Amino acid sequence: MSDSQAAGTGRTLLIGDLLTKDLAVSVLATSMASIPAFLVGALAVEIRQSFPITTSELGLAVTSYYLGAASWAVPSGRVAERLGGVRVLKFTPVVGSILLATIALFSSSWWLLALLLFPCGMVSAATATASNLFLARRGKPGRQGATFGIKQAAVPFASLLGGLAVPALGLTVGWRWAFALAALLSIATAILVPRPNQPRSKLSRQHVGAPPVIDKLAITLLAIGIGLGVFSASGMAAFLVSGSVHAGISKSAAGLVAALAGAATVIVRITTGFLADRRGSSHFSVIAIMMVIGAIGYATLALAQHLGIAALLVPGAVVALGIGWGWNGLFNFAVIDQHRATPARATGMTQLGGRLGGMLGPTVIGVLIDRFSYSTGWMAAAATCAMAAVAVVLGSRLLERKTT
């Protein structure tokens, strides 16, 4: 066999190792659990035509989703490890489907929409920790970095689905049909989830006695780190298009800038996962470096906005969102790699920080933009992202001391 044939075979085996049913199920489940908030944002114009809802009320409705996710982030980890990730993944898409169908059929006011989005957020939190446990237990050793990178790429993929729903359904048959289709896809996801590898009684016996101890200070610092990082990214994602238009870019071009930055996020999340498998260690250091580079991207956006140089917006956005938010999958993998006995509990605790950051980012940065300028908002994102890197470094140092 020639070297080129061997290399081709190696790549084929690698792809075959990764493109498993387990990974596909995790990506689908994560996408379907993330999609309610993205659908509301993407279909806001069509929703307003169906019943009265102001911009602030729409924001409160979406905030309700993140509040629900934050409220269930930590408990979801304990539940997943008690019942098993696969059992939770069998259940959450069904609940999500019922909620999506209820939104499609009965939403007639902003408060009812908010009331339904709160449990949607809880479903998202439960799916996240369950899928982390599911992949940690069933994933192939030496491939888990890439696995978690692909899995976390499902979140921006859900955003893409939300955008596609506008021309495909929202502008043709109506926004309610987009939620109805998402409900059907959630049911299909539940059907695809495989059966558990072990009976429930055996799983229960594994949890007899005191649970493994988690370094709460280290995890808290890491949760702060991911929270600050997501704060910056979610705030930028919410106002990138409007900021680009404010800088003189056309609406269509601004949409392309956002799409390019989102695509960069997907690519970087997957790529960092592959590289993590080759590297084998120092994952938190890489995350901190990516956050610092992301901070430079936010600062570039601020400079472009302040000087009125529209051409700088594209590289600034790609670096800020692509690299400054491309560490998410690597972060989950790094936390799980340090907590093999309690992957769901550990990522549930760090997820709380991420959910709170996702909730506060658009609100705080939006206020800064309204009160001052887009440049001020982007500089705040840059400072927050840099602080995120410091928190991650401090948290990882504590974990290293514990393991040495």
Side-chain angles (χ1 to χ4, degrees), residues 37-38 41-42 44-45 55-56 58-59 62-63 66 155-156 159-160 162-163 225-269 288-328 354 357-390:
F38 290 119
V45 175
T55 301
S56 60
L58 187 71
V62 175
T63 298
Y66 288 105
V155 178
S159 176
L160 173 63
I226 189 175
L228 292 172
V230 174
F231 175 98
S232 300
S234 62
M236 176 203 162
F239 299 104
L240 177 59
V241 172
S242 60
S244 299
V245 172
H246 185 269
I249 295 178
S250 68
K251 291 181 180 180
S252 59
L256 290 175
V257 171
L260 182 62
T265 306
V266 173
I267 293 170
V268 171
R269 288 187 182 194
I289 292 170
M290 292 177 70
M291 287 175 165
V292 171
I293 295 172
I296 295 171
Y298 291 117
T300 302
L301 279 175
L303 182 65
Q305 209 86 44
H306 180 70
L307 299 178
I309 305 175
L312 276 177
L313 286 172
V314 177
V318 169
V319 171
L321 204 61
I323 299 178
W325 203 20
W327 43 262
N328 200 288
M359 180 181 69
L360 294 174
T363 302
V364 175
I365 290 180
V367 169
L368 290 174
I369 290 172
D370 283 339
R371 294 280 183 90
F372 302 101
S373 65
Y374 279 99
S375 295
T376 304
W378 299 151
M379 281 306 299
T384 307
C385 199
M387 289 189 289
V390 175

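Quick caveat: nothing in here was measured; it's all calculated off a predicted structure.
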Q.
Quick one, Thr300 with Val319, criterion side chain to side chain contact (heavy atoms under 4.5 Å, CB included). Give me CA distance, side-chain angles, the key distance, then yes/no.
A. CA-CA 9 Å; Thr300 302; Val319 171; over 6 Å; no

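Under the 3.5 Å distance criterion, the side-chain polar atoms of Arg371 are left unmatched by any main-chain donor or acceptor of Gly366. A donor-acceptor contact shorter than 3.5 Å links the side chain of Thr265 to the backbone of Leu321.
Shown here are the side-chain contact (heavy atoms from CB on, under 4.5 Å) partners of Ala264, two or more places apart in sequence or in another chain: Val318. Considering only residues two or more places apart in sequence or on other chains, Ala299 meets the side-chain contact (heavy atoms from CB on, under 4.5 Å) condition with Met379, Ala382. Taking Ala380 as the reference, Leu368 meet the side-chain contact (heavy atoms from CB on, under 4.5 Å) condition, with sequence neighbours excluded. Every residue two or more places apart in sequence or in another chain that forms a side-chain hydrogen bond (donor to acceptor under 3.5 Å, both in side chains) with Ser373 is listed here: Thr376. Residues forming a side-chain contact (heavy atoms from CB on, under 4.5 Å) with Ala381 (at least two apart in sequence, or on another chain): Ser232, Tyr298, Ile365.
Annotation for Leu313 and Ala247: closest pair CD1-CB, 3.5 Å, computed over non-hydrogen atoms. Closest heavy-atom contact between Cys385 and Gly324: SG-O, 4.5 Å. Considering all non-hydrogen atoms of both residues, Val230 and Gly354 come closest at CG1-O, 3.5 Å. Heavy-atom minimum distance, Gly225 versus Ala388: O-CB, 3.3 Å. In terms of heavy atoms, Ala261 sits closest to Leu240 at CB-CD2, 4.3 Å. Nearest heavy-atom pair across Gly326 and Met290 is C-CE, 3.7 Å.
Rounded to the nearest 0.5 Å, atoms OG1 (Thr384) and CZ (Phe231) are 5.0 Å apart. Considering OG1 of Thr63 and CG of Leu360, their distance stands at 8.5 Å, rounded to 0.5 Å.
Counting only heavy atoms from C-beta outward, the side chains of Arg269 and Trp325 approach each other to under 4.5 Å.
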In residues 305-312, what donor-acceptor pairs under 3.5 Å come from side-chain atoms, sequence neighbours left out?
| from | atom 1 | to | atom 2 | distance (Å) |
| --- | --- | --- | --- | --- |
| Gln305 | OE1 | Trp378 | NE1 | 3.1 |
| Gln305 | NE2 | Gly243 | O | 2.8 |

